[in-house]
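Here's the structure we're looking at; comments come further down.
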Amino acid sequence: MRAAVISFTEKGRLLSQKITDLLNETNTAERFCFHSHTDEKAQSFDDVCVLAAKLFDACDALVFVCASGIAVRAIAPHIKSKASDPAVIVIDDCGKFVIPLLSGHIGGANRLAQLIAEKIGAVPVITTATDVGGRFSPDSFAKANGLAITDLNAAKKIASAVLDGERIGLMSEYTCKNIPPEIS
């Protein structure tokens, strides 16, 4: 996984170094710090919208250490599909909350947010209905089993049925792991 960690403030810079070190244990992460709060280990930037345009399709994950509004405005022009967008996470610069904004399941933002939150002592703010309800998610299942979703609308209908308490079935020619007991 290639990740970019983007910060704006001095507190954010310090936290971005900690997050980058943690991500570099198993992945490749680069730091990008706003020009007035940078250091020799980070790449400096002046315009986050220009930076987001450069990184959005080149990275698997964008981790913003800033207000969520800044991140949303920076990525908005580039959002295409949950099937192809990178994971986008926002962390406040005090490191209290880690919020996956985009590609929670397929892009892995929810899992990455939980990992980062655990390592920095923050609260992961997961809002995906299936995760919050502890229910089966077709896109998480597909990702965990190396499968591709060919019909995102069907996946949404399945998730909705699960959330409504309906039972669903599973047929596969492949060996799948972590099949929840509620699936027949």
Side-chain angles (χ1 to χ4, degrees), residues 1-7 15-16 19-20 22-23 25-29 48 52 55-93 95-166 168 170 176-180 182-183:
M1 177 184 72
R2 179 169 183 239
V5 182
I6 303 160
S7 66
L15 184 55
S16 74
I19 294 164
T20 302
L22 138 70
L23 292 176
E25 290 175 7
T26 56
N27 303 286
T28 302
V48 70
L55 297 174
F56 195 84
D57 289 327
C59 291
D60 301 305
L62 301 178
V63 179
F64 288 86
V65 182
C66 64
S68 58
I70 294 169
V72 168
R73 285 181 186 87
I75 65 168
H78 312 290
I79 297 171
K80 296 177 195 91
S81 165
K82 69 189 276 177
S84 62
D85 293 338
V88 177
I89 295 171
V90 172
I91 305 170
D92 65 283
D93 73 355
K96 292 182 180 180
F97 301 102
V98 181
I99 309 164
L101 293 180
L102 195 63
S103 293
H105 290 150
I106 296 173
N110 290 359
R111 180 170 287 173
L112 184 59
Q114 290 170 326
L115 171 74
I116 292 171
E118 180 183 315
K119 296 287 187 176
I120 68 170
V123 175
V125 183
I126 309 297
T127 60
T128 312
T130 52
D131 290 352
V132 172
R135 305 301 298 266
F136 173 79
S137 161
D139 38 358
S140 291
F141 181 79
K143 182 171 176 82
N145 284 283
L147 305 171
I149 295 178
T150 59
D151 187 341
L152 287 172
N153 286 327
K156 288 178 192 176
K157 288 178 184 176
I158 292 168
S160 180
V162 168
L163 290 168
D164 288 341
E166 297 177 30
I168 60 168
L170 172 68
C176 296
K177 59 184 177 183
N178 301 321
I179 299 173
E182 67 267 18
I183 295 179

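We number each residue from 1, following the sequence as shown.
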**Prompt:** Can you check whether A58's main-chain N or O pairs, donor with acceptor, with R2's side chain at less than 3.5 Å?
**Reply:** yes

**Asked** Quick check: does any side chain N or O of N145 sit under 3.5 Å from a backbone N or O of L147, one acting as donor and the other as acceptor?
**Response** no

**Asked** At what distance, to the nearest 0.5 angstrom, does CG of D85 lie from CG of L102?
**Response** 4.5 Å

**Message:** With heavy-atom distances below 4.5 Å as the criterion, would you say the side chains of Q114 and V98 are in contact?
**Reply:** no

**Prompt:** How close do D92 and F97 get, heavy atom to heavy atom, and via which atoms?
**Reply:** OD1-N, 2.6 Å

**Prompt:** With a 4.5 Å heavy-atom cut-off, do K82 and L152 have their side chains touching?
**Reply:** yes

**Message:** For the backbone of K156 and the side chain of S160, can you confirm whether one donor and one acceptor N or O come within less than 3.5 Å of each other?
**Reply:** no

**Asked** So, the side chain of D93 versus the backbone of C66: is there a donor-acceptor pair under 3.5 Å, distance only?
**Response** no

**Reported CG-to-OG distance for the pair L15 and S7, which is rounded to 0.5 angstrom** = 8.5 Å

**Item:** From L112 atom CG to M1 atom CE, the distance as rounded to the nearest 0.5 Å
**Value:** 5.0 Å

**Item:** K80, NZ: over 12 other non-hydrogen atoms inside 6.0 angstrom
**Value:** yes

**Item:** Separation of L115 CG from L22 CG (nearest 0.5 Å)
**Value:** 5.5 Å

**Message:** Just verifying a value: how many Å separate I158 CD1 and L170 CG, rounded to the nearest 0.5 Å?
**Reply:** 9.5 Å

**Request:** State, with a plain yes or no, whether a side-chain heavy atom of P86 is found less than 4.5 Å away from one of D60.
**Result:** no

**Asked** Going by heavy atoms in the side chains, are I19 and V65 under 4.5 Å from each other?
**Response** yes

**Prompt:** Do F56 and P77 have side-chain heavy atoms sitting under 4.5 Å apart?
**Reply:** no

**Fill in**
Minimal heavy-atom distance between P124 and A122, with the atoms involved, is CD-O, 3.6 Å

**Message:** Do I106 and S103 make a side-chain contact, defined as non-hydrogen atoms from C-beta onward lying under 4.5 Å apart?
**Reply:** no

**Prompt:** Nearest 0.5 Å, what's the CD-OG1 distance between E25 and T20?
**Reply:** 11.5 Å

**Fill in**
Which of I91, L101, I75 passes side-chain contact (heavy atoms from CB on, under 4.5 Å) with F64? Answer is I75

**Asked** Taking the side chain as C-beta and beyond, is there a heavy-atom pair between L62 and I89 under 4.5 Å?
**Response** no

**Complete:** Taking every heavy atom of I120 against every heavy atom of G95, the minimum-distance pair comes out as CD1-O, 4.1 Å

**Asked** V90 and A67: which non-hydrogen atoms are nearest, and at how many Å?
**Response** CG1-C, 4.2 Å

**Asked** Minimum heavy-atom separation for P100 to I126, with atom names?
**Response** CG-CD1, 3.6 Å

**Item:** Salt-bridge contact R135-D164 (side-chain N to carboxylate O under 4.0 Å)
**Value:** no

**Prompt:** Side-chain contact, heavy-atom cut-off 4.5 Å: V123 with K96?
**Reply:** no

